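None of these values were measured; they are calculated from a predicted model.
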Amino acid sequence: MLYFLLEEKMEENYKDKRGISELFDVPIKTHNNDLTEMRRTEFNVYILRPSHKRVYINVEGYKSFLEYKQKLRESTIKKKIKVIYRYDII
C-alpha cells in the first residue's frame, strides 16, 4: 500500500518525456534538446535516469528551466536593443 502511495506521489512530481511533452505542449524533439541543455547546467538535478532507457523529469524543475530560458532570452533581447539604439544616436 505504501509503495502505491509513493508511486502516485512520484507521478505528480515526475513525468517521462512523453508526459512532459503533452503537459507543456512541446514537441518531443524540442524536449530532447531541452533535456540535453538541462543536463549541462545546474538543472541536471531535476532529471532522474534509473536506467539508460527510462528518464523521469521533475515537472517543477522543467518549469523552472523554461523560466530560466525565458529570462536569458529577454536579457539578450534587451542587450540587442541597447546596441541598436546606440548606433541610431550616432
Side-chain angles (χ1 to χ4, degrees):
M1 185 70 165
L2 180 61
Y3 175 75
F4 292 114
L5 291 175
L6 289 174
E7 193 172 301
E8 259 183 48
K9 191 69 171 167
M10 185 179 159
E11 286 180 11
E12 292 175 10
N13 295 330
Y14 287 88
K15 301 236 182 246
D16 61 354
K17 287 182 182 183
R18 191 177 332 123
I20 291 284
S21 293
E22 291 172 1
L23 182 65
F24 287 94
D25 196 27
V26 176
I28 292 279
K29 178 98 169 134
T30 302
H31 180 64
N32 285 336
N33 293 338
D34 286 348
L35 282 180
T36 301
E37 191 173 344
M38 282 179 75
R39 286 185 183 109
R40 294 178 179 163
T41 62
E42 67 270 8
F43 292 98
N44 63 355
V45 295
Y46 297 116
I47 301 171
L48 295 179
R49 192 169 182 167
S51 70
H52 89 273
K53 287 193 174 190
R54 293 187 302 164
V55 176
Y56 299 105
I57 301 100
N58 183 292
V59 175
E60 288 298 316
Y62 188 70
K63 180 182 171 194
S64 298
F65 174 73
L66 293 178
E67 290 170 349
Y68 160 78
K69 285 193 58 145
Q70 179 180 350
K71 287 179 186 176
L72 195 65
R73 181 177 168 270
E74 289 172 352
S75 69
T76 57
I77 289 173
K78 287 179 184 177
K79 288 178 185 177
K80 287 180 182 179
I81 290 174
K82 286 181 182 178
V83 169
I84 290 171
Y85 283 137
R86 195 176 321 155
Y87 287 122
D88 285 344
I89 294 173
I90 297 175

Checklist entry - Could you give the distance from CE (Met38) to CD1 (Ile47), rounded to the nearest 0.5 Å? => result 4.5 Å
Checklist entry - Residues in side chain to side chain contact (heavy atoms under 4.5 Å, CB included) with Ser51, at least two apart? => result Lys53, Arg54
Checklist entry - Closest approach of Asn44 and Arg39, non-hydrogen atoms and distance? => result CB-O, 3.7 Å
Item to check | Heavy-atom pair of closest approach, residues Ile28 and Arg18 | outcome: CD1-CA, 4.2 Å
Checklist entry - For Tyr46, which residues count as a ring pair (Phe, Tyr, Trp, His ring centres under 6.0 Å) partner, sequence neighbours excluded? => result none
Next on the checklist: Quick check: closest heavy atoms across Tyr62 and Ile57, and the distance to 0.1 Å?
Outcome noted: CB-CG2, 4.0 Å
Item to check | Non-neighbouring partners of Lys63 that pass salt bridge (charged side-chain N to carboxylate O under 4.0 Å, His left out), sequence neighbours left out | outcome: none
Next on the checklist: How close do Tyr56 and Pro50 get, counting heavy atoms only, and between which atoms?
Outcome noted: CE1-CG, 3.9 Å
Checklist entry - Which heavy atom of His31 sits nearest a heavy atom of Val26, and at what distance? => result N-CG1, 3.8 Å
Checklist outcome for this item: Closest non-hydrogen atoms of Tyr14 and Asn58, given as atom of the first, atom of the second and distance, are CD2-N, 3.4 Å
Checklist entry - Are Val59 and Phe24 side-chain neighbours, meaning at least one heavy-atom pair lies under 4.5 Å? => result yes
Item to check | Stepwise side chain to side chain contact (heavy atoms under 4.5 Å, CB included) check, Thr36 with Asn32 | outcome: CA-CA 6 Å; Thr36 301; Asn32 285 336; 5.5 Å; no
